[in-house]
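Note that this is a predicted model, so its numbers are computed, not measured. The sequence lines fix the lettering, A, B, ..., with proteins before strands; numbering per chain opens at 1. Computed from heavy atoms alone, side chains included, the values below leave out hydrogens, waters and symmetry copies.
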Amino acid sequence: MPELPEVETVKRGLERLIVGKTIKSVDYDWAKSFPNSNNDVQQFLIDSKITKVRRRAKVLIIDLDTNYSLVTHLKMTGQLVFRGDKSFGSGHPNDSLVGKLPDKSTRVTIDFTDGSKLFFNDQRKFGWCRLLPTDEIKNLPFFQKVGPEPLEKEFTAQALLKRLDRRKNSMIKAVLLDQSVLAGIGNIYADEALFMSGIHPESRVANVPKSKLINLHGNIVDVLQTSINSGGSTDKNYIDAEGRKGSFLTFAKVFRREGLPCENCTNDIVKIRVAGRGTHICVKCQVYNEH
DNA sequence: CACTTGACCTGTCCGC
DNA sequence: TGCGGACAGGTCAAGT
């Protein structure tokens, strides 16, 4: 579920909602979701104060004043939902996908000293949340290899071309999904950016004209920014820190639009399978580049 | 090494 | 209605 725009939306919400709060207790029911020792939890989490919320790629980092951090990945179905003491237990915002919390999918509950709570829910249990020394985060294998942030200014068209060059024999969609090439793109925004650029997802990188790759760079930045502006994409599970859905999919041109007419040419959007993932394309507008 | 495929889980939807 | 199978937005490990 959550790709860069969704995690960024959650991050901005939590930044407003939990920075400065003190953790009173934590409750977790599934070892894989929160694989820390009780000793570490007691020593570095309980009674700690939240100093900062950050995002890198699709990973959300909550820094504590103990020089430890809660590092979380929402994977496919994870949610981080905040409830103030007034809303807790008494329902939810009008457009929320979740009701009373904790619910069946709640894996971790954090109680703050002011009575508010943060819930980590994850239906499919792929996600995780772990307590780590803040300065060790950068040593995690994922952070060692992860590529540039597409919304930072060092992500130029030249930078993208250079990173794509290492993977010139792969299908372009597989490369966009590879977090070591570029951080934060997932299935939704790969499909959208390739459609916007007129590139067939099965094209090998080496066969796509340079001019199209330069367009692709701009379209990646545009689609991610547009999605952040609409609070991300809610397909099935995604909600932000206050339980709200995102509205980007109302602007999507191909994702989940199979059988509907392409807005450019009126041909039906079709769904195929690329790199093991459901992939949405317009076969007329997206050229399969082969020299 | 570059690249692709299967595994991790639960829930839902679709066809018989 | 019931049941089996395919599929779902991400990442690793293990395979070719």
Side-chain angles (χ1 to χ4, degrees), chain A residues 1-10 29-35 55-60 71-80 97-98 103-108 120-130 140-147 163-195 201-207 223-224 227-228 230-240 245-252 254-259 270-280:
Chain A
M1 167 198 328
E3 306 179 31
L4 187 152
E6 291 74 35
V7 182
E8 178 66 21
T9 302
V10 172
D29 75 335
W30 195 57
K32 214 165 149 188
S33 285
F34 195 84
R55 178 190 62 75
R56 173 76 170 103
K58 300 170 190 169
V59 179
L60 194 107
V71 185
T72 73
H73 199 307
L74 303 175
K75 289 286 179 81
M76 304 281 246
T77 55
Q79 305 171 331
L80 278 167
L97 285 171
V98 290
D103 66 17
K104 200 176 166 185
S105 72
T106 300
R107 311 291 166 205
V108 182
F120 174 52
N121 300 332
D122 186 15
Q123 178 185 101
R124 283 173 80 179
K125 299 183 177 177
F126 289 169
W128 46 262
C129 171
R130 69 186 55 138
L140 291 175
F142 179 83
F143 284 100
Q144 288 285 310
K145 68 171 195 198
V146 71
R163 309 211 47 107
L164 290 180
D165 198 49
R166 304 188 312 184
R167 299 289 306 274
K168 54 186 184 304
N169 294 321
S170 293
M171 290 183 288
I172 184 109
K173 176 161 178 178
V175 176
L176 291 183
L177 293 174
D178 184 338
Q179 301 297 294
S180 71
V181 172
L182 180 60
I185 304 280
N187 211 31
I188 298 175
Y189 304 106
D191 281 6
E192 292 298 316
L194 288 169
F195 171 80
E202 290 176 308
S203 301
R204 305 280 154 176
V205 171
N207 296 338
V223 75
L224 293 176
S227 182
I228 290 173
S230 37
S233 299
T234 296
D235 182 17
K236 292 196 170 59
N237 287 268
Y238 169 74
I239 50 175
D240 70 13
K245 298 180 190 175
S247 60
F248 174 77
L249 288 186
T250 59
F251 305 111
V254 288
F255 190 81
R256 279 295 145 80
R257 291 181 54 80
E258 59 269 32
V270 298
K271 188 171 179 183
I272 60 173
R273 187 155 276 268
V274 179
R277 316 297 301 279
T279 299
H280 310 76

* Structure fact -> When A:W128 and A:H280 are each assigned the nearest nucleotide of DNA chain C, the 5'-most assignment goes to A:H280
In whole angstrom, what separates [X]'s [atom1] from [N]'s [atom2]?
X      : N      : atom1 : atom2 : value
A:I172 : B:dC3  : CD1   : C1'   : 15 Å
A:L74  : C:dT11 : CG    : C1'   : 13 Å
A:Y238 : C:dG10 : OH    : C1'   : 16 Å
A:L249 : C:dG9  : CG    : C1'   : 10 Å
A:N237 : B:dC13 : CG    : C1'   : 14 Å
A:E258 : C:dA8  : CD    : P     : 9 Å

Nearest listed nucleotide, side chain of [X], among [options]:
X      : options               : answer
A:A174 : C:dA8, B:dG11, B:dT4  : B:dT4
A:Q123 : B:dT10, C:dC7, C:dT11 : B:dT10
A:R124 : C:dC7, B:dC3, B:dT10  : B:dT10
A:S170 : B:dT4, B:dT10, C:dT11 : B:dT4
A:R204 : C:dC7, B:dC9, B:dT4   : B:dT4

Considering just the side-chain nitrogens and oxygens of [X], establish if one lies under 4.0 Å of OP1 or OP2 belonging to [N].
X      : N      : result
A:K75  : C:dA8  : no
A:R273 : C:dA8  : yes
A:H73  : C:dG10 : no
A:R167 : B:dA2  : no
A:Q179 : C:dG10 : no
A:K271 : C:dA6  : no
A:N169 : B:dA2  : no
A:K58  : C:dG9  : no
A:R277 : C:dG10 : yes
A:K236 : C:dA8  : no

* Short side-chain donor-acceptor distance under 3.5 Å, A:N121 and A:K104 -> no
Could you check whether any side-chain N or O of [X] sits under 3.5 Å from a backbone N or O of [Y], counting only pairs where one atom can act as donor and the other as acceptor?
X      : Y      : result
A:E192 : A:F255 : yes
A:E3   : A:K58  : no
A:R166 : A:K168 : no

Determine the interatomic distance between [atom1] on [N] and the same-named atom on [M]; round to the nearest Å.
N      : M      : atom1 : value
C:dT11 : B:dC1  : P     : 23 Å
C:dT1  : B:dG11 : P     : 23 Å
B:dC3  : C:dG9  : C1'   : 23 Å

* **Nearest-0.5 Å distance that lies between atom NZ in A:K236 and atom CZ in A:R256** => 4.5 Å
* Asked: Between A:F248 and A:Y189, does the ring centroid distance fall short of 6.0 Å?
  -> yes
* Structure fact -> Pairing partner of C:dG2, by Watson-Crick or G-U wobble and under 3.5 Å for both distances, is B:dC16
* Any strand is fair game: report the nucleotide pairing with C:dG9 by Watson-Crick or G-U wobble, both distances under 3.5 Å, or none. => none
* Just wondering, do A:F126 and B:dC8 stack (centres under 5.5 Å, planes under 30°)? -> yes
* Structure fact -> Note: A:D122 and A:G78 closest approach over all heavy atoms is OD1-N, 3.5 Å
